[in-house]
Amino acid sequence: MLHSINRTAEPIVNVEHLAFSFGEGELCKQILFDITFNVFPGEIVLLTGPSGSGKTTILTLVGGLRQVKAGELTVLGTDFRSADVADLVRTRRQIGFIFQAHNLLDFLSARDNVAMAMQLHPEVTATESRERVTELLEMVGLKDRMDYYPAKLSGGQRQRVAIARALVGRPQLVLADEPTAALDSHSGREVVELLQRLATDHGSAILMVTHDNRVLNVADRIIEMEDGRIKQPVNAL
Amino acid sequence: MRSSWQVAWKQLSHSKMKLIVATAGVVVAVLLMLVQLGFLNAAYDSSLAVPKRVTADLVVLSPQSPTFATPTQFARRMLYRLPAHPAVADVQPIYLGTGRWKNPWDKSERQILVYGLGPGENMLQIPGYADAVDQLQQPDVGLFDRRSRPTFGPVSEALTKGERVDVEVNRRKITIAACTEIGVTLGVDGNLFLTDTNFLRLFPRIPGSIDLGLIRLKPEVDPATARDELVRWCGSDLRILTKAEFIAFEKHFLDTGAPINFIFGLGTAVGFFIGFVIVYQILYTEVSTHLPQFATLKAIGFTDNYLLRLVIQESLILAVLGYLPGTLLSWCVYQVAAHETKLPMALTVFRLTSVLGLTILMCIFSAAMAMRKLRAADPADIF
């Protein structure tokens, strides 16, 4: 798995001494302690660990969905500690999100669900945007299902539509939360290979939370979490 | 899928049933608003129709009359004093009374408003009066308003066929010589025009008392100036108004003295409210059932404004979808209502635009209420 990870370049995600807690005062519950790691272009990093260990919280922080309170966090060149809401939204547009729940819009066909994400990229022409949508849906194996509504698709197919939606904007960073959890081993494998291809072809970085042992082998690095701390960095290479 | 309008339309049209219900809600609202406002305007237009037919320069009423249609009588001699003033060219006394008209076809009795027009220049514009004036001078001959309600009998049709129409008004036989076209109001079902002499045969009253006086001024006399001088002459015994003031006086009575504003205004408000509730319900359901999806959209970089716009656009689509059939339906109701009530029901451009504005306002208002739910969509809860 010696593909093009460029560890000399600027890291896409730079986390230093990040801490996070919910609540205030006596009810304050600290979730993350002194988290430090980097994700470089083209790198696939897995976050594993038991539930409640803080993996998802890291994902929401890196995704700019929660406000950073302590520590340093820079994503795609934006310092999240000093970023305002508009900065966060702008950065989020360059991130591909893959959620555990696909959350497709039931009133839009597979094609429209993916195409809608292209509204966030007005700089791309209508023609190119249409081509990209078709290309991605073909890539996730939904060539014959493009005009189906989510209700008519299987769980795996819906998840693949959601992945196409996350990737259509050619994000430099993909954040994925258990993308294979709802899939059978075959579809799960396909999804992971797809993400891998993205990392290789476009130099995108991928940060993925997973419990799924079947996908561990695609990782360049696995970060294992326990009780809000990084247990030990394991080099998958 | 390049625009949020398309997304808005797809969300609305995904469930045809919901779209139909929401549109029906707007249709009902538009229909109610247009019809209620139509009746309100018909009530005004019809009640002001006769005042607007006054061609006199000044109008004289008793200060006790709330409206010309329910007048308090005053002495004719007070009106006949006025030509002594150099500005006054002519005066005409008008008598008004509610008579009982016996329909000669089915023998039913109806109330009819009877005008007695004094001698001199006729300063009430009544089409056909001048042509029939020779006949009307004969004893017990009258001019009938063909736009009276049909309960008075097919008078106009019979006259057209050349038949003689004798009716009974206040137990006295009256021959209808011809027909005119004036129109009815909410309170007046029909009109009959007589000379003052014939009028007084039907309505015995204190000699020399009249209901309305009309004044023709000499040319190049300013009505307002003349009014001021005449008011100084008469003191508080008479109310003297210019023509414009007379119309304003009648309108003021309708605004304050009659409940029409309240009744039809309430009807319009109910229409607005029904539309608001239905559109709100539909949009609220749409927003709340799609909260996780909307939160996802927020997470991937759509702004709050985009989602707000989406909901507003949906409400605007509903406004337009419901407005068009609602207007068409209202037009049908107007035709039927005009035929049944003989009231002037006109679908004016002004009313169409006002109701379009109200409909849009109603839908945006619904959207604004439904949107408050959007804030509950927190993208951090998605993972």
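Reminder, nothing fancy here: chain letters follow the sequence lines and each chain counts from 1.
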Dump the intermediate steps for side chain to side chain contact (heavy atoms under 4.5 Å, CB included) on B:Lys298 and A:Val89, then the final yes or no.
CA-CA 8 Å; B:Lys298 270 189 188 177; A:Val89 170; over 6 Å; no
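- Of the atoms belonging to A:Leu88, not a single heavy atom falls under 4.5 Å from chain B.
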Evaluate B:Leu12 against A:Phe107 for side chain to side chain contact (heavy atoms under 4.5 Å, CB included), listing each step before the verdict.
CA-CA 8 Å; B:Leu12 272 183; A:Phe107 52 84; over 6 Å; no
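- Nearest heavy atoms, B:Ala299 versus A:Phe99: CB-CZ, 3.8 Å.
- In this structure, A:Asp112 CG and B:Lys10 NZ are separated by 3.5 Å, a value rounded to the nearest 0.5 Å.
- Within 6.0 Å of CZ in A:Phe22 there are more than 12 heavy atoms belonging to other residues, nucleotides or ligands.
- For the pair A:Leu105/B:His14, no side-chain contact is recorded, criterion being any heavy-atom separation below 4.5 Å from C-beta on.
- What you find for B:Gln293 and A:Asn103 is that their closest heavy atoms are CG-O, 3.6 Å.
- Along residues 300-309 of chain B, the residues that come nearer than 4.5 angstrom to chain A, judged on non-hydrogen atoms, are B:Ile300, B:Gly301, B:Phe302, B:Thr303, B:Tyr306 in order of number.
- Comparing A:Arg93, A:Glu178, A:Gln94 by heavy-atom pairs within less than 4.5 Å of chain B, the highest count is held by A:Arg93.
- Between A:Gln119 and B:Val7, the closest side-chain pair of non-hydrogen atoms falls below 4.5 Å.
- A:Arg90 does not touch chain B: none of its heavy atoms, backbone or side chain, sits under 4.5 Å away.
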